[in-house]
Amino acid sequence: MSRTAMILTGLVAVLALGACDRNKEPQLLNIKSQGTGPDEFAILPAKPLTQPESYAVLPPPTPGGTNRTDATPFADATIALGGNPNGGISDGSLVNYASRYGVTPAIRTQLAKEDVEFRRKNDGRLLERLFNVNVYFKAYKRQSLDQYAELERLRRLGVRTVSAPPEGFEEE
């Protein structure tokens, strides 16, 4: 065998073994930013301005502090779910309602292990891993919901689907 063939064989072997690395966490969805532009998810709209009942009850301004129109997404979500924004959701009725049939104490750890194992089994073929191809939708295809079949199933059962297009509406 010539020296060039040996070097090429060695490079192919190194690339093949490198692509088979199972110690790192598999990434099925490969989304990478192409620039250093702004993060559109970091922009939060301010709450609407409202007229106070009395200007005498307004708190004094705090330079660098927060004001009444600042966005508070965690507190807003906590209130929407029935919790107390000062004490978190855990002291609200949401946790009691969600755990009414029992709670598995180590469920997060168990699900994390199962998810890593699932992603390892479905992290793509050699060239897909080598060229960082997105295999997320292929891996989870069997677990995805066919929205149109489910819509038809619900309509046959007589369930109102107010947010769906009306029957007979065809997208073009």
Under the rule for side-chain contact (heavy atoms from CB on, under 4.5 Å), what residues qualify as partners of R156, not counting sequence neighbours? E152, R153
Apart from V159 itself, which Ile, Leu, Val, Met, Phe, Trp or Tyr residues share its cluster (side-chain heavy atoms under 4.5 Å, direct or through members)? L154, L157
All side-chain hydrogen bond (donor to acceptor under 3.5 Å, both in side chains) counterparts of T72, not counting sequence neighbours: K47, D76
What pair of heavy atoms forms the shortest contact from A139 to N122, and how long is it? CB-CB, 3.6 Å
Could you list the residues that satisfy side-chain contact (heavy atoms from CB on, under 4.5 Å) with Y55, not counting sequence neighbours? Q51, P52, L58
List for me each residue that meets side-chain contact (heavy atoms from CB on, under 4.5 Å) alongside R142, sequence neighbours excluded, and say none if there are none. none
Sub-4.5 Å side-chain heavy-atom contact between L151 and T161: yes
Output the rest of the hydrophobic cluster of V103: all Ile, Leu, Val, Met, Phe, Trp and Tyr residues reachable through side-chain heavy-atom contacts under 4.5 Å, sorted by chain and number. none
Below 3.5 Å, can you tabulate the donor-acceptor pairs from side chains in residues 104-118 to any protein atom, sequence neighbours excluded?
residue, atom, partner, partner atom, Å
Q110, NE2, E114, OE2, 3.1
D115, OD1, Y140, OH, 3.3
D115, OD2, R119, NE, 3.0
D115, OD2, R119, NH2, 3.4

Please give the remaining members of the hydrophobic cluster of V57, linking ILVMFWY side chains under 4.5 Å, ordered by chain and number. none
T62: side-chain contact (heavy atoms from CB on, under 4.5 Å) partners, not counting sequence neighbours: none
